[in-house]
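Computed from a predicted model, the values in this text were never measured in an experiment.
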Amino acid sequence: VEADRFWPIYREFELEMAKIGDATSEEGESKFEELIRARLNDPVQEIRETAAVALGILSNPASITLLERILTEHPDALSLLQEAGGINYRTRAFAAYGLGLVGYRTEDPKTRRGIVETLVGVLESPRMATRDVKVASLIAMGLVPLDVRETALEEDQVENPWDSRQAQVAYLVEFFEDDKSKDRGYLVRAHAPRSIAMLLEGASPEVRDAAVETLLKYVGKTAPGEVELRQSCTLALGIVGDLDADKVDAKIRKHLIEAKGNADQQTKYFRLIALAQIG
């Protein structure tokens with residue numbers, strides 16, 4: 001009974017334990033990872049989902065396989081969590097956030113590519129159509145920057161989204177602009193611009209400029225699209241833009257200033273935040 005009454009305290013305990021972290025043994029085992037992992041089967045949903053994201057904060061590589069299996073409803077995870085009717089979509093969404101946090105902190109390129117491949121698989125799977133899970137996967141993608149490919153592709157070469165930063169950004173741009181697929185509703189796609197903006201740091205000028213041109217189409221006085229798409233692109237440009245004389249940065253500032261005439265009031269508010277970030 002006390003566990004049910006005081007579960008918010010246990011949630012904070014999990015998060016603080018993960019933030020502190022602990023030294024792993026020679027075998028790579030972590031005491032905290034073991035303790036947090038055990039809470040994934042807690043009867044309280046809020047504790048289960050907090051455990052999933054806490055594993056991401058702890059960032060022990062040993063947690064990656066488990067988080068991937070929770071996210072994709074692998075039979076092993078179904079057996080471990082013992083949730084009737086499948087793994088709760090909230091637990092799966094927090095597992096995606098956990099993977100993103102692991103990918104953010106790891107310095108191993110292969111690990112990052114593996115995480116991005118898992119996230120893309122969820123975004124592309126019609127079986128995993130739950131909006132929260134897809135949104136979480138999009139947000140997590142923005143936390144896991146892949147290495148920038150230094151050379152041009154040969155004519156017959158095709159990249160997967162998990163092969164390079166260029167391919168990763170191109171995939172998210174295509175995902176954002178795809179208004180035909182029934183699995184890519186605009187409320188999901190609206191979360192892509194921020195992830196794109198996060199991944200443009202350190203990308204080549206060509207990749208940055210091409211992605212910005214896509215975002216600019218949804219920002220301005222008479223920008224098209226659902227208001228959620230306009231709002232998202234407006235905020236994303238605040239992350240990307242700066243005050244130098246580059247042509248693309250001048251266009252960003254121009255579009256954000258013109259957005260004061262946008263019909264959506266929230267977009268007007270967001271464009272002020274974006275301009276302040278640029279300033």
Side-chain angles (χ1 to χ4, degrees), residues 37 40 45 48-57 59 61-81 83 85-106 108-146 159-165 167-199 228-229 232:
R37 179 187 290 246
L40 288 167
Q45 169 60 35
R48 292 200 298 273
E49 61 198 40
T50 304
V53 79
L55 288 174
I57 296 171
S59 295
S63 303
I64 294 174
T65 298
L66 175 59
L67 291 171
E68 288 179 336
R69 288 178 175 179
I70 292 172
L71 174 59
T72 59
E73 289 191 297
H74 189 278
D76 288 351
L78 285 167
S79 175
L80 172 67
L81 272 61
E83 294 190 22
I87 301 174
N88 187 284
Y89 71 92
R90 284 169 51 177
T91 307
R92 293 172 59 213
F94 275 85
Y97 295 134
L99 279 173
L101 290 168
V102 175
Y104 176 75
R105 298 187 65 175
T106 185
D108 180 21
K110 184 177 179 181
T111 298
R112 289 190 175 189
R113 289 196 298 270
I115 290 173
V116 170
E117 183 174 2
T118 297
L119 296 173
V120 170
V122 172
L123 290 170
E124 291 299 310
S125 173
R127 184 177 65 85
M128 302 178 191
T130 305
R131 183 192 302 164
D132 300 66
V133 175
K134 287 192 181 290
V135 165
S137 297
L138 269 180
I139 293 172
M141 179 97 74
L143 296 174
V144 192
L146 299 178
E159 279 191 309
N160 295 309
W162 51 88
D163 287 339
S164 71
R165 182 86 65 86
Q168 186 183 16
V169 171
Y171 171 78
L172 287 175
V173 170
E174 184 274 330
F175 188 99
F176 174 67
E177 290 201 286
D178 180 9
D179 58 358
K180 306 299 182 186
S181 173
K182 63 179 181 181
D183 296 322
R184 298 180 179 182
Y186 68 88
L187 290 179
V188 174
R189 289 162 43 228
H191 291 269
R194 177 174 172 81
S195 290
I196 293 169
M198 298 283 284
L199 295 173
E228 290 83 0
L229 302 182
S232 182

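- Looking only at side-chain heavy atoms (C-beta outward), Leu119 and Pro161 stay at 4.5 Å or farther from each other.
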Distance-only criterion, 3.5 Å: show the donor-acceptor pairs between side-chain atoms of residues 191-198 and protein atoms not counting sequence neighbours.
{"unit_1": "Ser195", "atom_1": "OG", "unit_2": "Leu138", "atom_2": "O", "d": "2.6"}

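- Without hydrogens or angle criteria, Arg165 side chain to Leu199 main chain gives a donor-acceptor distance under 3.5 Å.
- Residues Leu146 and Ser164 fail the side-chain proximity criterion, which asks for heavy atoms closer than 4.5 Å.
- Minimum heavy-atom separation, Ala62 to Arg37: O-NH2, 3.5 Å.
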Let me see the working for Val120 and Asn160 under side-chain contact (heavy atoms from CB on, under 4.5 Å), right down to the final yes or no. CA-CA 10 Å; Val120 170; Asn160 295 309; over 6 Å; no

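- The heavy-atom pair separating Ile115 from Leu99 by the smallest distance is CD1-O, 3.6 Å.
- With rounding to the nearest 0.5 angstrom, the CE atom of Met141 is 9.5 Å from the CH2 atom of Trp162.
- When only modelled atom types and interatomic distance are considered, Glu49 and Tyr97 share no side-chain donor-acceptor pair under 3.5 Å.
- When all heavy atoms of Ala93 and Ala136 are compared, the closest pair comes out as O-CB, 3.4 Å.
- Ala95 approaches Ala52 most closely through the heavy-atom pair N-CB, 3.8 Å.
- A heavy-atom distance below 4.5 Å is found between the side chains of Leu40 and Leu55.
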side-chain contact (heavy atoms from CB on, under 4.5 Å) assessment of Phe94 paired with Ile70: CA-CA 9 Å; Phe94 275 85; Ile70 292 172; over 6 Å; no

Please test His74 against Glu68 for side-chain contact (heavy atoms from CB on, under 4.5 Å), starting from the C-alpha separation and ending with a verdict. CA-CA 8 Å; His74 189 278; Glu68 288 179 336; over 6 Å; no

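- Side chain of Arg131 to main chain of Val188: no donor-acceptor pair is present (N/O by atom type, distance under 3.5 Å, no hydrogens or angles).
- Shown are Val116, Val144, Thr106; of these, the side chain to side chain contact (heavy atoms under 4.5 Å, CB included) with Thr111 is made only by Thr106.
- Between the side chain of Glu73 and the backbone N or O of Leu78, no donor-acceptor pair lies under 3.5 Å.
- The two residues Tyr171 and Arg184 have their closest heavy-atom pair at OH-NH2, 4.0 Å.
- Under the side chain to side chain contact (heavy atoms under 4.5 Å, CB included) rule, Arg92 has a single partner from Leu67, Val133, Thr72, Asp132, which is Val133.
- The CD atom of Gln168 sits 11.0 Å away from the CD atom of Glu159 when rounded to the nearest 0.5 Å.
- Between Arg112 and Gly103, the shortest heavy-atom distance links the atoms NE-O, 2.9 Å.
- Taking CD1 from Ile139 and NZ from Lys134, the interatomic distance works out to 14.0 Å, rounded to the nearest 0.5 Å.
- Distance check: Arg69 CZ to Ser79 OG gives 11.0 Å after rounding to the nearest 0.5 Å.
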